[in-house]
Amino acid sequence: MQDPEGIEVLVYTDLEGLETGRKVRLRGTVKRIEGKLSITDAVPSEDPPTPLKEFKKRYDDDPKGESVSLGGRLVSLRTMGKAIFGHIQDLTGKIQIYIRKDTVGDEGFRFFNEFIDLGDILGARGSLFRTRTGELTLEVHEFKLLAKCLRPLPEKWHGLRDTELRHRQRYLDLIANPRSRETFLLRSSIIKELRNFLDSRGFIEVETPILQQVASGANAKPFVTYHNYLEMNLYLRIAPELYLKRLIVGGFPRVYEIGRNFRNEGVDRTHNPEFTMVEFYAGYWDYEDLMTFTEELLEHLLIKTVGKTKITYQGKEINFKPPYRRVSYFELLEEKTGKDKEFFLRNLEGLKALAGELDVANYQSLSHARLIDKVFEKLCEEELIQPTFVIDFPALLSPLAKPHRKEPDLVERFELIVATHEIANAYTELNDPRIQEERFKQQLREREMGDEEAMETDEDFIRALEMGMPPTAGEGIGIDRLVMILTDTDNIRDVILFPHLRPK
RNA sequence: GAGCCGGUAGCUCAGUCGGUAGAGCAACGGCCUUUUAAGCCGUGGGUCCCGGGUUCGAUCCCCGGCCGGCUCACCA
């Protein structure tokens, strides 16, 4: 039993140090125990404690007569003279505890009253019962202070609202806001199920360089860093694509990588400078195979994580039950503009005029490829709510994709759009080294014309293709955006544990 | 990078037509052995984001800055 005069286990002395450089309201209890608090370690506690959700499930049917122990953070406290009610919380749930003077004894009760505060981490052992209102509750026989909470908890009813604080001190957000805990748990299970699904289909998980000598495989500005020993600049990858395809050349039949990409660009509701992607590549597949596969993958993810295929996102119902609509890029454009593929691909002046009418920013200085893409985004993407495969993109926009088997100006590429967001981007991979070389040269010309984000040439990648890459299809899925949709979140920072913020 | 909005107690928020501020929760002292946003009585707590300006006087008005949010631009 606890005895304030017992063996020293937990002692706070230098409380001033806590206040360095900032004003902190220290809690009365803490001031009181300054220098002198001590606790025996005589109380046994299960280590580590069972997650509370599991705990409650286990004992819900038969709460009587058990001597059980649990642990977690004390998040509410109702003292009623000679009895105390409170709730202990962990990541998975909450359970009520009940402490009676009769049960824990005078000394134990005094200790709890004097030294235990809201926010403390407690271990407790006792028996379960149901209160009048039917709530499963632990009547505490023994308890142990496992860690002291020196700062006050956020407000118990409203939680922690301030977005800045929620992001800067995510631990507070996680303690105070159940919604936030649920989001990150769901994110974890989405990634787990993604991995399970890919593994079960014969994909091999690999890791490729994050520090790269050439940042290629996407159109984006890289972060630059410096390697002291090699005396050279290196780039944080903007995509793993070219390395994963090297592995297909090397004989891996199917590979995937889940990891961070880094793009040195703006931050907003749907962009964080580092973001998580899965990219997977399958030899002997084409983009048609990938569309079917993607439908199966998403159906699996939805069922395994949220338990259904129909969800609500920002007030709109979205149905992930396959099959998804497939519509070609130029078909959509023609629907919106009445102008056909020939117009977009051959009539640069007409296209510029159209972009001007649509208020596309800087339309005078955009490349042909970007003009098409801007017009598409402006007119078409905004209306795609249900999962939709937009297929057969212009070759101009897709330097790594294989030419379409029937249409010479197009490539075999699709994007999966959900709720106006691009969730996946995929294509039959270009495996002809000569065409790839030509595409890189075209990108170089775009770069020379001022497009800073045109793709870099990777000589070794061309050499790899020269060894022969089997027909292959590959796809990238933005995990953060997928999590946003499945958690009904409209800001990417709410699905990234520690989003980037300016230092305060 | 631009425009708009915001920053007041630990948290959630109110307020001051310019006279240095309040509530609830949290904290602290009491009462209370089935409460659950517990209740009741009492107490303490603020560089009103920072720096300048105007003014007898600025938390409030003006200018600049910092941080955040939204929209736009760039991008996935």
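Reckoned from all heavy atoms, side chains included, excluding hydrogens, waters and symmetry mates. First the proteins, then the strands, lettered A, B, ... as listed; each starts at 1.
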Hey, does [X] reach any base, or is it just sugar-phosphate, or nothing, if we go heavy atoms under 4.0 Å?
X	answer
A:Asn425	nothing
A:Asn219	sugar-phosphate
A:Gln96	base
A:Leu501	sugar-phosphate
A:Arg502	sugar-phosphate
A:His87	base
A:Asn272	base

Task: Most 5' of A:Arg493 and A:Arg263 on RNA chain B, judged by nearest nucleotide - done: A:Arg493
Could you tell me the separation between the [atom1] atom of [X] and the [atom2] atom of [N], rounded to a whole number of Å?
X	N	atom1	atom2	result
A:Leu118	B:C11	CG	P	15 Å
A:Phe85	B:C32	CZ	P	16 Å
A:Asp117	B:C25	CG	P	18 Å
A:Lys94	B:A37	NZ	P	10 Å
A:Ile97	B:U33	CD1	P	18 Å
A:Glu139	B:U35	CD	P	15 Å
A:Glu155	B:G24	CD	C1'	7 Å
A:Arg78	B:C40	CZ	P	15 Å

Task: OP1 or OP2 of B:A26 under 4.0 Å from side-chain N/O of A:Arg151 - done: no
Under a 3.5 Å cut-off for both distances, is [N] Watson-Crick or wobble paired, and to whom?
N	result
B:U71	B:A2
B:U20	none
B:C60	none
B:A27	B:U43
B:A37	none

Within the 6.0 Å centroid threshold, strictly below: [X] and [Y]:
X	Y	value
A:Tyr235	A:Phe262	no
A:Tyr427	A:Phe414	no
A:Phe293	A:Phe197	yes

Task: From CG (A:Leu351) to CG (A:Leu371), nearest 0.5 Å - done: 5.0 Å
Spacing of the [atom1] atoms in [M] and [N] (rounded, Å):
N	M	atom1	result
B:G39	B:A26	P	8 Å
B:A58	B:C50	C1'	15 Å
B:G52	B:C13	P	30 Å
B:G45	B:A23	P	13 Å
B:G42	B:C25	P	13 Å
B:G69	B:U16	P	28 Å
B:C72	B:C17	P	37 Å
B:G57	B:C70	C1'	37 Å

- [ ] Hey, could you give me each pair passing salt bridge (Lys or Arg N to Asp or Glu O under 4.0 Å) that has a residue in residues 70-90 of chain A? Not counting sequence neighbours.
- [x] none
TODO: Kindly state each residue pair satisfying salt bridge (Lys or Arg N to Asp or Glu O under 4.0 Å) with at least one member in residues 383-394 of chain A, sequence neighbours excluded.
DONE: A:Lys336-A:Glu383
- [ ] Classify the ring geometry between A:Phe143 and A:Phe112 as parallel (under 30°), tilted (30 to 60°) or perpendicular (over 60°).
- [x] perpendicular
Please tabulate, one pair per line, each protein N/O and nucleotide N/O from nucleotides 72-74 of chain B that are separated by under 3.5 Å, including the distance.
| from | atom 1 | to | atom 2 | distance (Å) |
| --- | --- | --- | --- | --- |
| B:C74 | N4 | A:Asp268 | OD2 | 3.0 |

Open item on the list: Taking side-chain hydrogen bond (donor to acceptor under 3.5 Å, both in side chains) as the definition, give me every residue that meets it alongside A:Thr457, ordered by chain and number, with sequence neighbours left out.
Closed with: none
Task: A:Glu446: partners by side-chain hydrogen bond (donor to acceptor under 3.5 Å, both in side chains), with sequence neighbours left out - done: A:Ser367, A:Gln442
Task: Lys/Arg-Asp/Glu bridge criterion (N-O < 4.0 Å) met for A:Arg447, A:Glu452 - done: no
Open item on the list: I'd like to know if A:Arg445 and A:Glu448 make a salt bridge, using a cut-off of under 4.0 Å between side-chain N and carboxylate O.
Closed with: no
Open item on the list: Of the options B:U33, B:U35, B:C70, whose atoms approach the side-chain atoms of A:Asn491 most closely?
Closed with: B:C70
- [ ] Mind running a 4.0 Å heavy-atom check of residues 158-178 of chain A against RNA chain B and sending the residues that fall below it, in number order?
- [x] A:His158, A:Gly159, A:Leu160, A:Arg161, A:Asp162, A:Thr163, A:Glu164, A:Leu165, A:Arg168
Open item on the list: Looking only at the side chains, is there a donor atom on one of A:Arg325 and A:Thr388 sitting less than 3.5 Å from an acceptor on the other?
Closed with: no
TODO: Answer yes or no: side-chain N or O of A:Arg132 and base N or O of B:U34 forming a donor-acceptor pair under 3.5 Å.
DONE: no
